[in-house]
2 protein chains.
Amino acid sequence: MRPTVHDIAAAAGVSLATVDRVLNQRAGVREVTRKRVEEAIREIGYIRDVAAANLAKGRVYPLVFILPTSDNSFMHGLHNEVRQAMIRSGTERTDIHIREVPAFDPQALVAELERLAEEKPAGVALVAADAPEVLAVVDRLVASGVPVVTLVSDLTGSSRCHYAGVDNIAAGRTAARLLGRFLGGKAGDITVLAGSMMVRDHRERLEGFTQVMSEEFPSLNLLSVLEGRDDPDMAYALISDALGSNDRIIGIYSLGAGNRGLIRALKARHQERTLTVIAHELTESTRGALTDGTIDAVLNQDAGHEVRSAIRVLKAKADGLGFIAAQERIRLDIFLKDNLP
Amino acid sequence: MRPTVHDIAAAAGVSLATVDRVLNQRAGVREVTRKRVEEAIREIGYIRDVAAANLAKGRVYPLVFILPTSDNSFMHGLHNEVRQAMIRSGTERTDIHIREVPAFDPQALVAELERLAEEKPAGVALVAADAPEVLAVVDRLVASGVPVVTLVSDLTGSSRCHYAGVDNIAAGRTAARLLGRFLGGKAGDITVLAGSMMVRDHRERLEGFTQVMSEEFPSLNLLSVLEGRDDPDMAYALISDALGSNDRIIGIYSLGAGNRGLIRALKARHQERTLTVIAHELTESTRGALTDGTIDAVLNQDAGHEVRSAIRVLKAKADGLGFIAAQERIRLDIFLKDNLP
DNA sequence: GACTTTTTGATTTACGTACATCAAATTCTG
DNA sequence: CAGAATTTGATGTACGTAAATCAAAAAGTC
């Protein structure tokens, strides 16, 4: 049987009440006594039974997810996963709220975060827009005792407790190597379709992609990046144009969302040429394109894992506990048509 | 506030004791009353507070992991992950025991499982050896109320509650496509190095690999499978031989363990030729080989995830609860040198 | 209708922790 | 050293469930 508060009391030669005061950092304990109790805790290896404690406290974890208002499939999926988590709130002692803010809008994010500094939830998860103001508010929130986790896109240099998302530089590098190897030494042009260079995750993917391309596949020539704002129609127009005006293009890397448009453009030119295409985020449309051969590989981050991980980490942090790092690492999924879930 | 047993009692117009009798399927309740209580439970949407219940019961989950005695890195890793879980036992209310049985030995497995049928643990996880006797005992165990989860290698057709491992046919297919695409239309021979065709996971990987190879890469010629018993020295000998006697080999798929030997053989011939190599399981040696370019891709299953998933599922099953299917799906990790963890 | 048997109710204790209250003991202050 | 302030102890209640006991009520039997 693992030791309980009673065992600490006995070991330290004090009463249960005193142990409680020490454990819950209440006032009214002399420094010497406090030391003695803490020593006893360490010695007998007491670990608080979080379940019992939560029961006694009637604790729930009020968590806030700040998500961008965005109509691409990935963000829809993310929203949906948070909603799934809300359904499980009853059994998980969470009380989850979603706050929507306009995408690519640091000011709105800051305003929302400042509001949260008042509310003092048990934890905050946000899709970070990469701006110094945001970093500053996040730091303030964390300093005031509210654990913050970044989701999908990180906020490097901030004091956020955890990042529940993939390593986007690694993702870009992986995409480059896959594309390069799939093209097997051929020479030609490569087009990159991004959402916006204003968001960190897209910038990082491009960075990684460019690194490996220039280092290891000199026969492939990177064209200037197309920015499709994660919008299907814009993506369609950009890719159609590019393919129409340049017949040296042999590969495409779509590192953002809005792949419906990309796929539409590719299908329109299907008979004319063979392209090697790598895209991000597994959605209904990319899955279809992967199956029928329009796309060769899809890199994915599992939104469900990200959300569940964020929740686990925030709960742990709220209790001042650690977490299993390996479990919370969000992996880059690589899907070919053969290993689709 | 979520409803409690008191709310059920009030709603059904019975006493707390009766509710308890119904909830814990104790005798002494008339059929009509039982129905009424069950109706009330459904109506107010009562969900048992597992944490409180476990606290009251002082419940621990005695779990048994049956693992093969095997000295390859992957199995070592698996052992280690179970040991990590044992360390967490205190906080997770588990009481985990490891039983080692000889590898590739259905009889030993059966004997162990029969012993467990007596002990009645809360759950059993095993690396299944694929034999009808094993299937029969597993079915009996499950029928007697002990949830069983297969680990790494499945037992198709059995009534095991869950399989915590990857889809090995998909893994083989993925390996074939990666190899085929990386070779970019070249013609030549492909060597497959397996552990043993007696274990299901290896058979399945080969099956998937062969499917895609023959369907989609006709210019690549599959040589007959080499069986290295997951042993480094044997693998070294087999691969050295093969490369020495056949200079048409341009690709290798190592679908089992014992890759240390493979890598040694490859490095010995490094200057002579370029091979495209795909291996399974990320270990220290495959990681090194991936980094230095000896291996082109590693397919991996995360042993830590498998163990944690098995535990979560067994606990849930022991309580008669469901689990989040998406969370428990073990994914096939594809590692290139760029996305190593 | 008296009897047995079964079903139900009322009540209590327990799990490990949190938290509050009040009294007793100790320390500090002047 | 008295008096005030602080520290500590003793005790009880609560959280939601499990499990046990014993009495009371209802149902079934002859």
Nucleotide [N], atom [atom2] - distance to [atom1] of [X] in whole Å:
{"X": "R26(B)", "N": "dT6(C)", "atom1": "CZ", "atom2": "C1'", "value": "17 Å"}
{"X": "D20(B)", "N": "dT13(C)", "atom1": "CG", "atom2": "C1'", "value": "13 Å"}
{"X": "D319(A)", "N": "dA18(C)", "atom1": "CG", "atom2": "C1'", "value": "14 Å"}

Are H305(A) and R329(A) close enough that a side-chain donor and a side-chain acceptor fall under 3.5 Å?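 Looking only at side-chain atoms, R329(A) and H305(A) do not form any donor-acceptor pair under 3.5 Å.
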
Apply salt bridge (Lys or Arg N to Asp or Glu O under 4.0 Å) to the pair K315(B) and E92(B), showing each step before the final yes or no. CA-CA 10 Å; K315(B) 284 173 73 172; E92(B) 296 181 351; 5.4 Å; no

NA contact type, N24(A), heavy-atom cut-off 4.0 Å: base, sugar-phosphate, or nothing?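 Contact class for N24(A): sugar-phosphate only.
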
Where protein sits on nucleotides 8-16 of chain D, one letter per nucleotide: B base, S sugar-phosphate only, - none, heavy atoms under 4.0 Å: BBB----BB

Those residues that, when tested against P121(A), pass side-chain contact (heavy atoms from CB on, under 4.5 Å) (two or more places apart):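 With neighbours one apart ignored, the set is V64(A), L116(A), E119(A), V124(A), V146(A).
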
Show your reasoning for whether side chain to side chain donor-acceptor pair (under 3.5 Å) applies to D139(B) and S158(B). CA-CA 6 Å; D139(B) 279 351; S158(B) 74; 4.7 Å; no

Please list all pairs passing the salt bridge (charged side-chain N to carboxylate O under 4.0 Å, His left out) test where one or both residues lie in residues 52-62 of chain A, with sequence neighbours left out.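 Every pair satisfying salt bridge (charged side-chain N to carboxylate O under 4.0 Å, His left out) with a residue in residues 52-62 of chain A: R59(A)-D319(A).
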
Do F65(A) and H79(A) have ring centres separated by under 6.0 Å?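 No - the distance between ring centres of F65(A) and H79(A) does not fall below the 6.0 Å cut-off.
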
